[in-house]
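Throughout, a chain's letter reflects where its sequence line sits, starting with A, and its residues are numbered from 1.
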Amino acid sequence: MIRMTEPSKITSVPDHQPAAGGIAARARASVGPKYLTGLNPEQREAVETLDGPVLVLAGAGTGKTRVLTTRIAHILSQGRARPAEILSVTFTNKAAREMKHRLGQMLGHAVEGMPWLGTFHSIGGRILRFHAELAQLKSNFTVLDVDDQVRLLKQLLQAENIDDKRWPARMLAGLIDGWKNRGLMPSQVPAGEAAVFANGKGGKLYASYQERLKILNAADFGDLLLENIRIFREHPDILRQYQQRFKFILVDEYQDTNVAQYLWLRLLSQAPSPAAAAPGAIDDPSSDAAAAAQALAPAAARPKNICCVGDDDQSIYGWRGAEVDNILRFDHDFPGAKVIRLERNYRSTGHILAAASHLIAHNEGRLGKTLRTEDHDGEKVTVTGSWDSEEEARGIGEEIEQIQRKGEKLNEIAILVRASYQMREFEDRFVTLGLPYRVIGGPRFYERAEIRDALAYLRVINSPADDLAFERIVNVPKRGLGDATVQMLHDHARKRRIPLFEAARAVVETDELKPKARGSLREVVAQFDRWRAQREVTAHTDLAQIVLDESGYTEMWQKDRSADAAGRLENLKELVRSMEEFENLQGFLEHISLVMDRDGGAEDDAVSLMTLHSAKGLEFDNVFLPGWEEGLFPSQRTLDEQGRAGLEEERRLGHVGITRARRRAMIYFATNRRIHGTWSTTIPSRFLDELPAANVEITESKGGSAWGGTGGYGASRFDDMEAFGSSYSTPGWQRAQANRNRGGGRSGGGRSGGFEEEAATFSPSSSDPDFGSFSSRRRGPLTIEGELVAKSTGTTSEFALDDRVFHQKFGYGRVTKIDGNKLTIAFDKAGEKKVVDSFVQRA
DNA sequence: AGTGTAGGTCTTGAT
DNA sequence: GACCTACACT
């Protein structure tokens, strides 16, 4: 037990958070332990409420991580638990690392003793290794990534004679992943769902996939939790052991948990009861989260000290299984839960916060928080229209240069896009400008071919049954062991029910192979035998180097004259170097399969370019938000697939984007954008209309002179700006705002929010045909539950072949092809173009 | 076995 | 328009 008799061991971390909370709080703080200094009253409550379930609703920039880490420090210093008795889970390795780091600053070395601080998967994996045999695995099982998964499924599909074209392995992988996310074993998948794949074979394929995994001594990501849940259910004694061990549970980003993670937490968070009421109460999770919750709900066990931190307004991962419901339902699941709201924002200025809050207020399914700041209003959020995406990139580039001239750091500038294909235009622009930039979240280190190859070698050494790894490298570098040979090994292996590697060992003793192939295969087998023997006596880093050299793998890239070969060799070196941190090969492989680190480490001053998703948790002084157009943001596909829920998630994404900014948030939209190669005209995002006029400034792009050079488009752009600007001053818009503020946006009589009214006021006043279509596209059968959900595809075109048409930009032309609402038109002057039908009119 | 080309796709992406 | 995959060709 660590009773902190020496307060000096826990030092408060200097924080840029301004001292808040008034005199009373400060007076109290000065009495309490040092690490509590500087916490505001809500934060302090979240830290000090140790007993019973606690939900901390932590809005953006309210000091969430600080609360979590301080809470751990508090538990330790109060002597309530030892480091090894605290279970602390995060989603990403990055978040786990951050917590370890912050804790290290507070506690010194005590962090070393926190073996249960990590991601859901790393902790699940750790537990599974202890009980591997209960899942028909060995403790050295391999963790498969998505690629391995897909290849394995492909094999199963082939074996079942299922057309891989009609029923792609990727799709099945997605289904299985979805089931696992929802905590469903093969037998529990609802029949209707299992049937959607390959005419009813989906469920059976899932079952045989699971069987194959056991044979390969492998688990996929989903299994790391699912097998935990299974073991906990089937072995109450083991569950009890963990329940007793974990005196405190802390969960980060609770709004991102999926059903499986939820079940896992529920099991672990129940007070250990010798009567074992638990397993009975926690049987079948149904397919549906709410029902699953009910199965577990309040009933028997008294939940213990679990503290979940999250923000329903930042739930942006619904598409990969996250259940916002988990957080919305918390006090139902954990009766007597204390809910603490952190609403003091220490990051952004008043205008930025107001804009973000007003936007997110349009969502209905939320717990409701109001972010406040004591900061000054600062600059208004700007909204800037551009003619096309190129001009948008140019404008942002110039703005960045201006910021730079003011002496600000590029590190404090970020561009947050909705979709990664938007990035290229910015990269192009920055290269021409010579502006240093970095892309966050590009291709992952571990996904690179050379890294996967190298790991495959190590995996085969570590686990000879790892057929997927063996198959990957058996002919890399080229050894003359092609498909035919591999197919033969497969047959052999299947017949005798042995791994491919053993099949290879047997086959080289026969004369079934041509002498050449037989020779190389024998060499491969001999090499692996040798490496495995060396493993006992050689440091794992040296072994890795030896393997890469002796296998000819390094040489393969040295001989390669392509541009990226040097980089790949560099990556391999980096891989070997990174192994040093681990005790042995097993530990390294475990880590690498769960981790996706890739930080090049270059900490130069550069602009950051990333997606909105990967920006969560980050903050910058200046944030650019380009591409706020219908179809792109909110994304048409999300709307089509998820309807209202999708729209709300997109809106949360916008909220996340704006709240990344400390001092300046700059939103952009373009009138024309290239989508899948063809230019299309777009309309401004509805989210722009949802921003509060008082905190937003409509601007012409800075450095107006730059437009001059482009020539030709000046007039129409000006029209656009006028039209757009007017949307903030029309009576319709203002009335719409008033409506929203009063009644949450849904006024009776089938009118949908303020949109239609706005559009109606809008279009007659505009002579621009684009805006005429703007209103017409926003009318009609576009509403779900009385609210607008955009729709742009699927409508049959009202045009016919050979129709004579007029387009604002391209002039007169003739329709040559019709594809839904997309027309191919041979223009008299501009040549053949594809355009959306709503942007042309009959001539 | 390795290369060339046609066809399909084209959010977001942790573990 | 670009990239990846799968098949066909040599």
Side-chain angles (χ1 to χ4, degrees), chain A residues 89-96 118-126 128 143-151 154 163-165 168-171 173-174 177 180-181 219-226 252-253 256-258 260-261 315-322 416-425 440-444 446-447 449 475 477-486 514 516-517 590-598 610-617 627 631-642 646 649-650 652-653 656-657 673-679 834:
Chain A
V89 278
T90 63
F91 271 83
T92 64
N93 291 293
K94 195 171 147 222
T119 62
F120 276 101
H121 290 88
S122 68
I123 290 172
R126 191 184 160 90
L128 186 54
V143 180
L144 299 188
D145 61 26
V146 184
D147 256 51
D148 292 324
Q149 235 176 310
V150 170
R151 272 191 299 147
K154 221 171 249 175
D163 183 8
D164 184 69
K165 279 238 180 66
R170 278 211 169 272
M171 181 184 172
D177 209 49
K180 287 186 174 178
N181 280 161
D220 64 19
F221 283 120
D223 287 340
L224 297 182
L225 286 169
L226 199 54
D252 192 14
E253 307 277 17
D256 287 340
T257 49
N258 59 38
Q261 286 154 342
S315 163
I316 54 175
Y317 286 111
W319 50 273
R320 66 177 192 212
L416 312 182
V417 297
R418 171 67 243 264
S420 51
Y421 65 77
Q422 290 173 263
M423 290 188 195
R424 206 170 66 221
E425 224 147 8
I440 315 271
R444 315 245 163 271
Y446 84 114
E447 280 171 4
N475 199 31
K478 299 262 179 289
R479 299 190 174 92
L481 301 170
D483 290 346
T485 313
V486 172
K514 295 205 185 88
K516 206 172 128 222
E590 162 83 18
H591 169 85
I592 205 76
S593 56
L594 296 175
V595 168
M596 27 161 33
D597 287 349
R598 178 210 32 146
M610 69 191 96
T611 63
L612 285 163
H613 282 91
S614 44
K616 192 166 86 163
L632 175 59
F633 185 56
S635 149
Q636 187 58 51
R637 191 154 153 186
T638 304
L639 262 34
D640 290 345
E641 285 169 11
Q642 322 270 344
E649 183 154 313
E650 292 285 302
R652 291 194 289 265
L653 207 44
V656 167
R673 188 173 294 275
R674 210 177 197 143
I675 298 165
H676 305 329
T678 38
W679 282 98
K834 271 192 195 168

Colleague: Starting at atom CG of L612(A), determine the distance to atom C1' of dG13(B), rounded to an integer number of angstrom.
Modeller: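 Result: 14 Å.
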Colleague: Return yes if some donor-acceptor pair links the side-chain N/O of Q422(A) with the main-chain N/O of A419(A) below 3.5 Å, else return no.
Modeller: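 Yes: the side chain of Q422(A) pairs with the backbone of A419(A).
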Colleague: Please state the P separation for the pair dA2(C) and dG13(B) - nearest whole angstrom.
Modeller: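 The answer is 22 Å between these two P atoms.
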Colleague: To the nearest Å, how far apart are R673(A) CZ and dG1(C) P?
Modeller: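 Rounded to whole Å, this separation is 17 Å.
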Colleague: Mind checking if R418(A) touches a base, just sugar-phosphate, or nothing, with heavy atoms under 4.0 Å?
Modeller: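 Base contact.
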Colleague: Extract from the structure each pairing of a protein N or O with an N or O of nucleotides 1-3 of chain B at less than 3.5 Å, listing the distance.
Modeller:
| residue | atom | partner | partner atom | Å |
| --- | --- | --- | --- | --- |
| dA1(B) | OP1 | G482(A) | N | 2.8 |

Colleague: Using whole Å, what does the distance between atom C1' of nucleotide dT12(B) and atom CG of L653(A) come to?
Modeller: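 In whole Å, dT12(B) C1' and L653(A) CG are 8 Å from each other.
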Colleague: Would you kindly give the CG-to-P distance between D223(A) and dA14(B), to the nearest whole Å?
Modeller: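 After rounding, the reported distance stands at 20 Å.
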Colleague: Starting at atom CG of D145(A), determine the distance to atom P of dG13(B), rounded to an integer number of angstrom.
Modeller: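 Rounded to the whole Å, the gap is 17 Å.
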Colleague: Using whole Å, report how far CG of L632(A) lies from C1' of dT12(B).
Modeller: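 From L632(A) CG to dT12(B) C1': 12 Å.
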Colleague: Go through dA14(B), dG1(C), dG13(B) for me and flag the one nearest to the D177(A) side chain.
Modeller: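 Out of dA14(B), dG1(C), dG13(B), the nucleotide with an atom closest to D177(A)'s side chain is dA14(B).
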Colleague: With distance as the sole test, does R652(A) use its side chain to make a donor-acceptor pair with the main-chain N or O of S315(A) at under 3.5 Å?
Modeller: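 Present.
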Colleague: What distance separates Q261(A) CD from T119(A) OG1, expressed to the nearest 0.5 Å?
Modeller: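 So the CD of Q261(A) and the OG1 of T119(A) are separated by 9.5 Å.
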Colleague: Using modelled atom types only, decide if a donor and an acceptor are shared between the side chain of D223(A) and the backbone of L226(A) within a distance under 3.5 Å.
Modeller: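 Such a contact is absent between D223(A) side chain and L226(A) backbone.
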Colleague: Dump every N/O contact between nucleotides 6-10 of chain C and the protein below 3.5 Å, one line per pair.
Modeller:
| residue | atom | partner | partner atom | Å |
| --- | --- | --- | --- | --- |
| dA6(C) | OP1 | K154(A) | NZ | 3.4 |

Colleague: OP1, OP2 of dA14(B) versus side-chain N and O of T119(A): anything below 4.0 Å?
Modeller: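 For dA14(B), OP1/OP2 do not have a side-chain N/O of T119(A) under 4.0 Å.
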Colleague: Using a cut-off of 4.0 Å on non-hydrogen atoms, how would the nucleic acid contact of Q642(A) be classed: base, sugar-phosphate, or nothing?
Modeller: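 Nothing, no heavy atom under 4.0 Å.
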Colleague: Is the base of dT12(B) touched by the side chain of R320(A) through a donor-acceptor pair closer than 3.5 angstrom?
Modeller: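 No pair found.
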Colleague: With a 4.0 Å cut-off on heavy atoms, is S635(A) in touch with a base, just the backbone sugar-phosphate, or nothing at all?
Modeller: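 Base, at least one base heavy atom under 4.0 Å.
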Colleague: Write down the distance between OH (Y421(A)) and P (dG1(C)), rounded to a whole number of angstrom.
Modeller: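 After rounding, the gap between these two atoms is 16 Å.
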Colleague: Is the shortest side-chain N/O distance from T678(A) to OP1 or OP2 of dG1(C) below 4.0 Å?
Modeller: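 For dG1(C), neither OP1 nor OP2 has a side-chain N or O of T678(A) closer than 4.0 Å.
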Colleague: Can you check whether G480(A)'s main-chain N or O pairs, donor with acceptor, with N475(A)'s side chain at less than 3.5 Å?
Modeller: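 Pair found, side chain donor or acceptor close to backbone of G480(A).
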Colleague: Is the closest basic N to carboxylate O distance between R151(A) and D148(A) below 4.0 Å?
Modeller: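 Between D148(A) and R151(A) there is a salt bridge, with a charged N closer than 4.0 Å to a carboxylate O.
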Colleague: For the pair E650(A) (side chain) and S635(A) (backbone), establish whether a donor and an acceptor sit closer than 3.5 Å, ignoring hydrogens and angles.
Modeller: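 Side chain of E650(A) to backbone of S635(A), a donor-acceptor pair under 3.5 Å: yes, one is there.
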Colleague: What is the ring orientation for H121(A) with F221(A), classed by angle as parallel under 30°, tilted 30 to 60°, or perpendicular over 60°?
Modeller: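 It falls in the perpendicular class, over 60°.
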Colleague: Determine, for E253(A) against K616(A), whether the closest basic-nitrogen to carboxylate-oxygen distance falls under 4.0 angstrom.
Modeller: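 Result for this pair is yes, salt bridge flagged.
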Colleague: H121(A) has a side chain; which of dG13(B), dT12(B), dA14(B) sits nearest to it?
Modeller: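 Shortest atom-to-atom distance from the side chain points to dA14(B).
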Colleague: Applying the 5.5 Å / 30° rule, does W319(A) stack onto the base of dT12(B)?
Modeller: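 Aromatic stack with dT12(B) present for W319(A).
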Colleague: Rounded at 0.5 Å granularity, tell me how far OG1 in T611(A) sits from CD1 in I316(A).
Modeller: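 So the OG1 of T611(A) and the CD1 of I316(A) are separated by 8.0 Å.
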Colleague: Quick one: Q149(A) CD to dG13(B) C1', roughly how many Å, whole number?
Modeller: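 Computing the Q149(A):CD to dG13(B):C1' distance gives 14 Å.
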Colleague: Quick check: on DNA chain B, is the nucleotide nearest A419(A) upstream (toward 5') of the one nearest L224(A), or the reverse? Name the residue that is more 5'.
Modeller: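 With L224(A) and A419(A) compared, the 5'-side residue is A419(A).
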